[in-house]
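This report concerns only the one structure given below.
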2 protein chains.
Amino acid sequence: MGRMPERVPGRLPGSPPTLADVAERAGVSRQTVSNAVNNAELLRPDTLERVRAAIAELGYLPNRAARNLRTRSSHLLGLRISPHLEGTAEATMDRFVHSLVEASRGAGYHVLLFDAVDRTDPLAGYDDLLRATAVDAFVVTDTYLGNPQAGLLDERGAPFVAFGRPWDDPGAPHPWVDVDGAAGTRLATDHLLDRGHERIAWIGWRKDSTIGEDRRSGWSSGLRDRGLPTSGLASRVEDTVASGREASAVLLDEARPTAFVCASDTLAIGVLHTLADRGLSAGRDVAVVGFDDSQAAQLVLPGLTSVRQPLEQVAVEVVRALEGVMTHQPRPEPGLLLVPTLSVRGSS
Amino acid sequence: MGRMPERVPGRLPGSPPTLADVAERAGVSRQTVSNAVNNAELLRPDTLERVRAAIAELGYLPNRAARNLRTRSSHLLGLRISPHLEGTAEATMDRFVHSLVEASRGAGYHVLLFDAVDRTDPLAGYDDLLRATAVDAFVVTDTYLGNPQAGLLDERGAPFVAFGRPWDDPGAPHPWVDVDGAAGTRLATDHLLDRGHERIAWIGWRKDSTIGEDRRSGWSSGLRDRGLPTSGLASRVEDTVASGREASAVLLDEARPTAFVCASDTLAIGVLHTLADRGLSAGRDVAVVGFDDSQAAQLVLPGLTSVRQPLEQVAVEVVRALEGVMTHQPRPEPGLLLVPTLSVRGSS
DNA sequence: CTGAAAGCGCTAACAA
DNA sequence: TTGTTAGCGCTTTCAG
């Protein structure tokens with residue numbers, strides 16, 4: 001790594017050395033070099049040493065295309081990314097991409113990014129890469145929308161692991177990794193209860209959002225377990241700052257909560273706006289907790305307490321599951337549910 | 001796209017059809033199929049039609065590895081990403097990645113993500129991919145740090161385009177695309193001047209940040225051109241919220257500015273914090289402008305006016321330049337400087 | 001306009 | 001333990 005390969009005379013700088021070059025230099029056959037790279041234990045120590053020296057001198061690295069063709073694998077993981085949503089605190093995806101790249105490297109894989117040409121086709125992009133054998137497997141991240149690509153990929157027998165549960169079809173055969181949203185909001189709710197709050201409101205998404213209902217259940221169970229009321233304390237709106245702002249204003253007027261748990265940081269920031277409008281201090285007068293631990297949560301005054309998904313861990317588990325899929329190992333559990341943490345800041 | 005390929009009997013679902021399968025089905029030779037795909041104009045219309053039908057029926061797509069091996073190109077663009085910085089409004093990179101994926105697709109390329117194994121080696125990751133011919137070219141984005149990878153890649157004769165000027169070496173041979181930071185802060189400064197501000201302060205980065213000094217120059221030239229003073233109105237600090245907060249407090253006490261232009265949204269949010277501390281209203285009492293148009297700028301109250309980099313356009317131009325590099329076309333201009341815009345919000 | 005032959009660089013079998 | 005042979009699927013000459 002980082003060692004400058006010797007510039008071999010007569011070789012164009014543009015064309016890297018091949019197996020044959022190394023073999024010639026080391027005075028062995030091509031196959032022996034291949035073995036030195038892939039099955040070192042098959043070689044006699046001194047031969048191995050000689051071949052390794054030649055490899056280092058030439059700066060040899062196996063040509064990917066040739067290896068891919070021969071082994072019928074690309075060592076590439078496909079990840080489809082959606083267009084950036086402006087105006088929301090959507091940070092999860094980007095953080096996950098970083099973690100995935102790192103985890104993949106550890107397993108000898110690179111991440112290939114693609115996007116949907118045709119947004120209406122749930123399989124757009126996937127299908128082409130599959131048929132061209134351009135990737136070994138996919139990481140499917142948009143299952144939270146209740147999108148059908150997981151099911152369709154299952155049908156096609158495509159190798160993939162989902163970040164997100166198959167809500168629609170709990171018996172789906174593919175492996176998945178997900179974060180327990182209910183546990184996260186439960187954590188948030190308990191945190192507020194422990195600080196003495198008893199009237200805790202919920203601002204979440206519309207009822208058709210499965211993930212939204214899951215997060216909501218952490219809040220409601222938290223209150224119920226302490227015998228506290230939830231009725232009149234919940235609101236379901238669009239995921240925008242404006243919606244969070246309006247919903248919190250209404251709740252404040254009608255139900256007088258002393259704390260809010262929100263399905264997203266975007267909504268929570270809307271709550272902060274309402275508090276500012278009314279001269280109330282977030283954290284002192286009314287507590288607020290968001291979800292996703294976005295940059296905005298970290299930067300906003302007085303700091304937004306937020307549920308943080310363990311995305312690094314998700315990525316590691318996704319890659320682990322992927323390795324299982326690609327080696328056709330039977331998986332004991334189809335899914336793995338990870339527990340989020342709470343980043344406590346000034347707002348609570 | 002999206003059409004379900006016919007399941008051919010006797011063929012494993014896992015192994016896609018090959019050129020030979022299509023040829024057999026269409027009753028032509030393999031080369032004719034290859035021509036139908038790559039040089040359609042060479043075929044007689046009726047033959048072409050027949051081959052195309054067979055391709056559609058089988059859902060054929062050329063095997064990438066085989067094509068890559070033969071054509072000595074991977075149709076992959078390498079992009080190195082750095083670990084996520086928490087606590088700053090770093091949004092530029094992520095937005096750029098999305099734009100790049102989209103622009104690359106238009107040119108028939110996919111984006112391969114990698115990260116640095118060894119953070120101290122400026123060429124970490126690049127070198128291996130190059131020698132393995134795993135990518136056709138790189139997009140180098142971290143030149144703004146004054147990092148040496150551009151120069152090192154130039155030395156190696158590696159094909160790449162930089163997002164960011166070669167500040168250290170203006171005569172560098174590689175193509176680059178950049179955003180004119182000075183023009184952005186000039187835009188911000190003129191905007192404030194037009195609104196009647198005359199005492200406009202600057203909060204930027206340390207002097208050794210070339211890009212920081214560039215952005216600063218837009219502010220200073222803006223004031224100078226109207227015969228307004230700059231002395232005592234500038235501060236150079238670390239890129240953190242806390243630094244922006246402290247620096248603005250000091251400036252407010254010592255120089256009584258009515259507006260701030262900042263080198264980043266992170267710093268600008270620090271200014272907003274100081275204003276909140278002192279019961280001043282951002283936008284009404286004191287105007288603030290940031291840089292990068294991050295999510296935080298959009299979410300924070302009352303909305304942070306911010307310089308927005310035209311990253312979609314940058315990505316398009318980077319890909320265009322890349323195509324030139326890969327076809328060895330001489331480039332008239334080594335670099336292209338794009339002009340940012342101003343997203344005006346409540347803070348000004 | 002279509003077909004035959006060659007080979008990109010590598011690795012999986014097998015033979016020595 | 002090492003070398004030989006074959007072929008992954010494709011495209012690029014070059015003949016027909």
Side-chain angles (χ1 to χ4, degrees), chain A residues 11-12 14-52 54-55 58-75 108 129-134 136, chain B residues 11-12 14-52 54-55 58-75 108 128-136:
Chain A
R11 172 164 284 291
L12 274 72
S15 54
T18 74
L19 211 57
D21 296 325
V22 178
E24 192 186 358
R25 182 158 190 130
V28 295
S29 77
R30 286 167 30 201
Q31 185 51 39
T32 302
V33 180
S34 176
N35 282 335
V37 174
N38 300 303
N39 306 292
E41 71 284 359
L42 293 181
L43 297 204
R44 215 189 310 143
D46 61 319
T47 316
L48 180 58
E49 178 51 39
R50 204 150 36 95
V51 175
R52 286 215 165 128
I55 287 175
L58 294 172
Y60 169 77
L61 227 53
N63 178 297
R64 287 286 268 258
R67 168 175 277 186
N68 292 348
L69 178 58
R70 188 62 240 234
T71 62
R72 300 168 161 290
S73 76
S74 63
H75 282 264
L129 290 170
L130 212 50
R131 274 156 43 208
T133 56
D136 289 349
Chain B
R11 170 164 285 291
L12 275 72
S15 54
T18 74
L19 211 56
D21 296 325
V22 178
E24 192 186 358
R25 183 158 191 129
V28 296
S29 76
R30 287 167 27 203
Q31 297 63 23
T32 302
V33 180
S34 176
N35 282 335
V37 175
N38 301 303
N39 306 292
E41 72 282 1
L42 293 182
L43 297 204
R44 215 191 307 142
D46 60 320
T47 316
L48 182 58
E49 178 50 41
R50 204 150 35 94
V51 175
R52 286 217 166 125
I55 287 175
L58 294 173
Y60 169 77
L61 227 51
N63 177 296
R64 285 287 267 260
R67 169 174 276 186
N68 292 349
L69 178 58
R70 188 62 241 233
T71 62
R72 299 170 160 288
S73 76
S74 62
H75 283 263
D128 289 358
L129 290 170
L130 210 50
R131 275 155 44 206
T133 57
V135 299
D136 288 351

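First the proteins, then the strands, lettered A, B, ... as listed; each starts at 1.
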> So which one's nearest nucleotide on DNA chain D is more toward 5', A:Glu41 or A:Arg30?
Replying inline: A:Glu41
> Looking only at side-chain N and O atoms, does B:Thr47 come under 4.0 Å of OP1 or OP2 in C:dT2?
Replying inline: yes
>> If you apply the rule side chain to side chain donor-acceptor pair (under 3.5 Å), what do you find for B:Ser29 with B:Gln31, and how did you get there?
In response: CA-CA 5 Å; B:Ser29 76; B:Gln31 297 63 23; 3.1 Å; yes
> Using rotation axes that map the C1' atoms of four end pairs onto the next four (five pairs an end), what angle separates the end axes of the helix from C:dC1-D:dG16 to C:dC14-D:dG3, to 10°?
Replying inline: 30°
> Does C:dT11 have OP1 or OP2 sitting under 4.0 Å from an N or O in the side chain of A:Arg67?
Replying inline: yes
> A:Leu61 has an atom CG; how far is it from atom P of C:dG9, in whole Å?
Replying inline: 15 Å
>> If you define the side chain from C-beta out and look only at heavy atoms, does anything of B:Asn68 sit under 4.5 Å from A:Asn68?
In response: no
> Rounded to the nearest 0.5 Å, how far does CG of B:Leu58 lie from CZ of A:Arg131?
Replying inline: 10.0 Å
>> Mind checking if A:Asn68 touches a base, just sugar-phosphate, or nothing, with heavy atoms under 4.0 Å?
In response: nothing
>> I'd like to know whether A:Leu43 forms a side-chain contact (heavy atoms from CB on, under 4.5 Å) with A:Arg52, so could you lay out the CA-CA distance, the side-chain angles of the two residues, the decisive distance to 0.1 Å, and finally the verdict.
In response: CA-CA 11 Å; A:Leu43 297 204; A:Arg52 286 215 165 128; over 6 Å; no
> At what distance, to the nearest 0.5 angstrom, does CZ of A:Arg25 lie from CD1 of A:Ile55?
Replying inline: 12.0 Å
> Between B:Thr32 and C:dG3, is there a side-chain N or O to OP1/OP2 distance below 4.0 Å?
Replying inline: yes
>> It should be established whether B:Arg72 places a side-chain nitrogen or oxygen under 4.0 Å from OP1 or OP2 of nucleotide C:dG9.
In response: yes
>> Using heavy-atom distances to pick each residue's nearest nucleotide on DNA chain C, tell me which of B:Ser29 and B:Ala66 is more 5'.
In response: B:Ser29
> Which nucleotide span of DNA chain D, 5' end to 3' end, has atoms closer than 4.0 Å to non-hydrogen atoms of chain B?
Replying inline: D:dG9 to D:dT12
>> So which atom in B:Arg64 and which in A:Thr133 form the shortest heavy-atom distance, rounded to 0.1 Å?
In response: N-OG1, 4.1 Å
>> Nearest whole Å is fine: how far is C:dA4 C1' from B:Asn35 CG?
In response: 13 Å
> Any idea which heavy atoms bring B:Asp21 and B:Thr18 closest together, and the distance?
Replying inline: OD2-N, 2.8 Å
> Please give, in whole Å, the distance from C:dA13 P to A:Leu42 CG?
Replying inline: 13 Å
>> Tell me the interatomic distance from A:Asn39, atom CG, to C:dC10, atom C1', rounded to whole angstroms.
In response: 13 Å
